[in-house]
> 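Questions regarding the structure given below will be posed in turn.
Chain letters run A, B, ... following the sequence lines, proteins first and then strands; every chain starts at 1.
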Amino acid sequence: MKRLTALLKATATWFSGHKLRASILAVVLLFTAPWPARAQIISPCCAMLVAGLSSIQSALTKVVGGGLNQILGVDKAMQQFQQAVVWPQNLINQARGLVGVLQGNFNQIQNLMKIPVNSATLPVSQRLEQVLLSRNPNQIVQTSSAYTALYGPVPAPTAASPQVLNMVDMTDAASLAAMKRAIEIDALADLELQAANQLNQSIQTAAPGSAPIIEAQADAWLIRANAYTQSATADLMRLRAIDLANASADVKMGATNTTSLRQALANLMQHQ
Amino acid sequence: MHLLIYMLFFATLSWLVLTVQNQRRLLAVTLAGVMVATLVGAPQPAQAQLGLLQAIQAVLNVINGVIQTALTSINSVRSAMNNLQQLVVWPQQLINQARAQVTQMIGQYRNLMSNIFRMKLNSATLPNPQALEAVMRDHQVGNFPALTAMFTNNYGAIPVSTAANPGDRVMSDMDDALALDNLKTLKAGDQATDIELQSADAIENSSGQAAPGSAPFLTATAITSAIHAQALTQKLLAAELRQEAARIAHRNTLRKENATNTTAVRGVLVNLLQHQ
């Protein structure tokens, strides 16, 4: 304490002896010493910053937020429309359920087409019938022998006129071809039924966006099936055309034979 | 850092002020000190308030300009898409109209066509033909033995081996067999046709309640039904082909026999004339 008092006295003595120099230092210190910054709350710069940020917030809320809300409203309306009107899940499930129900119908049709209808009682006719109803294209090669065993071969060249032989051969050919076509068509129809079942099973697990792809494939199968039907119809028409031609040939040959017979009888009468 | 530099400067200035010898030097040191203090203690250059305002205004311009324009455009496009979907592609009114049309057409045609299709066509008048006709048209597949029995009642059995030549017997057997095969196939086909009609009704019923998104399932399954129908038609055509082929083959066999018989008769006649 004494030392402090002595120091203060010495300092006061020094200041009284150097008033001017002490005053200069005091003034320099007063004006040049760094002072603490003023609080920002009262700064006009901060006030402007606050006002600016407030404007930005307002603009973001109104312009950006408002705009996004409008877009959200439109998107929600679109979503609701698509879910309720275009792709309603319950109706999609209902349609899938119907496809499953129809699969049962298809199976019934397929089973009906497989019911055996064989009716022949004699061995020769049973053999031809078995080949015809086989639905197996590999058995087509056996058709000719079974056919000939039942309907007989073309007569020998000395047994009939060439015209008759041609008619008989052509008629057998048309008849055999029709029988072979029947075996083919049966086999193709079986494959079509199988493919249709596969397609229908695919539809049951399809999405609304993938169902049209299966539909396109089914359309292609339908076109193919139509082509096979037309081919069978064509063979039926060929068969009937040959039948009509035979009837016409019978009339022609009858006329020729009658003329020949008349001539032969006239010659016979003249010789007597 | 700034404060440390200032303390160093002030200590140096104090030392110079205290140690300088005359008034003029004191004045010079004081002025130099003030100048240096002004430099050392000068505030750091602050950004102008005008720059801050410009920055805020720039942000506001971006929000009110580019962003607002973009959001308005997006909203316009989305609204246009929404309108396109609801008014052009899937208009609710036309969807309802299509459903109503399905219902209306079901009411207009289904029973009418069903009644026409189910009209009785039986026309036989005698007991045996009536029985055969009834069993032929009953759409059942569990009574094939009855069909065979009725057929035999009407058309007779194959002659016994001593009553006809073997060729005629097998041909008759084949003709009867193919006729019976086809009658059986037709009974199965009739039942399959009934099932096809049920499928068609079910698909039509569902289409009356369908949505645009569920209709492709119905279309696809309708096409698979059409494939089944085609296969059934082909089965019937194959049966028709067999039957026609057998009929023509039968007549051709008769032609073969006629040719052979004619040749034989001609031979007999030639021999007869030669002996005269």
> Does any backbone or side-chain atom of Ile115(A) lie under 4.5 Å from a heavy atom of chain B? Answer side chain, backbone, both or neither.
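Answer is side chain: those atoms of Ile115(A) sit under 4.5 Å from chain B.
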> I need the residue from Gln68(B), Glu240(B), Glu257(B), Arg78(B) with the largest number of non-hydrogen atom pairs under 4.5 Å to chain A.
Arg78(B)
> Rounded to the nearest 0.5 Å, what's the gap from OG1 on Thr219(B) to CD1 on Ile214(A)? Could you check?
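The OG1 atom of Thr219(B) sits 12.0 Å away from the CD1 atom of Ile214(A).
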> Tell me, side chain or backbone of Arg135(A) under 4.5 Å from chain B's heavy atoms, or both, or neither?
side chain
> Please look at Gln103(A) and chain B and tell me whether the side chain, the backbone, both or neither of the residue comes under 4.5 angstrom of a heavy atom of that chain.
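For Gln103(A), there is no contact with chain B at all, as no heavy atom is under 4.5 Å.
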> Can any side-chain N or O of Asn252(B) pair as donor or acceptor with the backbone N or O of Val168(A) at less than 3.5 Å?
yes
> Examine whether an atom of Ala226(B) lies under 4.5 Å from a heavy atom of chain A, and if so say whether it belongs to the side chain, the backbone or both; otherwise answer neither.
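Contact with chain A involves both backbone and side-chain atoms of Ala226(B).
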> Less than 4.5 Å to any heavy atom of chain A: does that hold for the side chain of Thr262(B), its backbone, both, or neither?
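Contact with chain A involves no heavy atom of Thr262(B) at all.
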> Between Ile227(B), Ile203(B), Ile74(B), which has the largest tally of heavy atom pairs under 4.5 Å with chain A?
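Counting heavy-atom pairs under 4.5 Å, the top option is Ile227(B).
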> With a 4.5 angstrom heavy-atom cut-off, could you sort out which part of Ser202(A) is near chain B: side chain, backbone, both or neither?
neither
> Which region of Ala246(B), side chain (C-beta onward) or backbone (N, CA, C, O), has a non-hydrogen atom less than 4.5 Å from a non-hydrogen atom of chain A, or is it both or neither?
both
> Identify which part of Leu102(A) has an atom lying under 4.5 Å from any heavy atom of chain B, answering side chain, backbone, both or neither.
side chain
> Within the structure provided, determine whether His250(B) and Leu150(A) are in side-chain contact (heavy-atom separation under 4.5 Å).
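Sidechains of Leu150(A) and His250(B): no contact.
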> Which bit of Thr193(B) is near chain A, if near means a heavy-atom gap under 4.5 Å: side chain, backbone, both or neither?
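Thr193(B) has no heavy atom closer than 4.5 Å to chain A.
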> For Phe144(B), check ring-ring contact (aromatic ring centres under 6.0 Å, His included) against everything at least two apart and list the hits.
none
> Can you tell me which portion of Thr148(B) sits under 4.5 Å from chain A's heavy atoms? Options are side chain, backbone, both or neither.
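For Thr148(B), there is no contact with chain A at all, as no heavy atom is under 4.5 Å.
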> Would you kindly say whether His228(B) and Asn197(A) are connected by a side-chain donor-acceptor distance under 3.5 Å?
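Yes, because at least one side-chain N or O of His228(B) sits under 3.5 Å from a partner of the opposite role on Asn197(A).
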> State, with a plain yes or no, whether a side-chain heavy atom of Pro208(A) is found less than 4.5 Å away from one of Pro216(B).
no
> Report which part of Thr72(B) has an atom under 4.5 Å of a heavy atom belonging to chain A: side chain, backbone, both, or neither.
neither
> Side-chain donor-acceptor pair under 3.5 Å between Gln108(A) and Gln191(B), yes or no?
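Judged by distance alone, the side chains do not pair up.
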> Give, for atom CG of Asp250(A) and atom CZ of Arg255(B), the distance between the pair rounded to the nearest 0.5 Å.
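Nearest 0.5 Å value for the CG-CZ distance: 4.5 Å.
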> Only counting residues at least two apart or in another chain, list the ones meeting salt bridge (charged side-chain N to carboxylate O under 4.0 Å, His left out) with Asp173(B).
none
> How long is the span from the CE atom in Met113(A) to the OG1 atom in Thr185(B), to the nearest 0.5 Å?
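Rounded to the nearest 0.5 Å, the CE-OG1 separation comes to 7.5 Å.
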> Between Ile195(B) and Leu112(A), is any pair of side-chain heavy atoms under 4.5 Å apart?
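Yes; the side chains approach each other to less than 4.5 Å.
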> What part of Leu98(A) lies closer than 4.5 angstrom to a heavy atom of chain B: side chain, backbone, both or neither?
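Only the side chain of Leu98(A) comes within 4.5 Å of chain B.
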> In terms of heavy-atom pairs under 4.5 Å with chain A, which of Arg251(B), Gln85(B), Met171(B) leads?
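Answer, by heavy-atom pair count under 4.5 Å with chain A: Gln85(B).
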> Side chain of Thr253(B), backbone of Tyr151(A): donor and acceptor closer than 3.5 Å?
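Between the backbone of Tyr151(A) and the side chain of Thr253(B) there is a qualifying donor-acceptor contact (under 3.5 Å).
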> Can you find a heavy atom in the side chain of Arg247(B) that is under 4.5 Å from one in the side chain of Leu239(A)?
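Side chain of Arg247(B) against side chain of Leu239(A), heavy atoms only: no contact under 4.5 Å found.
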> Do Lys184(B) and Ser119(A) make a side-chain contact, defined as non-hydrogen atoms from C-beta onward lying under 4.5 Å apart?
yes
> On a heavy-atom basis, which atom in Ser214(B) and which in Ala95(A) lie closest, and how many Å separate them?
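Minimum heavy-atom contact is O-CB, 3.8 Å.
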> Pick from Ala259(B), Ala202(B), Ala238(B): which one has the most heavy-atom pairs with chain A under 4.5 Å?
Ala238(B)
> Side chain, backbone, both or neither: which part of Leu165(A) has a non-hydrogen atom closer than 4.5 Å to chain B?
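Interface part for Leu165(A): neither.
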> Does any backbone or side-chain atom of Val170(B) lie under 4.5 Å from a heavy atom of chain A? Answer side chain, backbone, both or neither.
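Backbone plus side chain of Val170(B), per the 4.5 Å heavy-atom cut-off to chain A.
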> Does any heavy atom of chain B fall under 4.5 Å from the side chain of Pro153(A), the backbone, both, or neither of them?
backbone
> Is any side-chain heavy atom of Val85(A) less than 4.5 Å from a side-chain heavy atom of Ile95(B)?
yes
> Could you tell me which of Asn64(B), Leu183(B), Ile63(B) has the largest number of non-hydrogen atom pairs under 4.5 Å with chain A?
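Of Asn64(B), Leu183(B), Ile63(B), Ile63(B) has the most heavy-atom pairs under 4.5 Å with chain A.
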> Please report the interatomic distance CD1(Ile185(A)) to CG(Leu237(B)), rounded to the nearest 0.5 Å.
7.5 Å
> Would you check if Met48(A) and Ile56(B) make a side-chain contact, meaning some heavy-atom pair closer than 4.5 Å?
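The answer is no, as the side chains (C-beta and beyond) never meet within the 4.5 Å cut-off.
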> Under a plain distance cut-off of 3.5 Å, with no hydrogens placed, do Asn105(A) and Gln198(B) share a side-chain donor-acceptor pair?
no
> If you measure from the Lys or Arg side-chain nitrogens to the Asp or Glu carboxylate oxygens, is any gap between Asp169(A) and Lys256(B) under 4.0 Å?
no
> When you check the gap from the basic side-chain N to the acidic O, do Glu192(A) and Lys235(B) get nearer than 4.0 Å?
no
> Which one wins on heavy-atom pair count under 4.5 Å against chain A: Val141(B), Val77(B), Leu178(B)?
Val141(B)
> Any heavy-atom pair between the side chains of Ile223(B) and Gln217(A) that's under 4.5 Å?
no
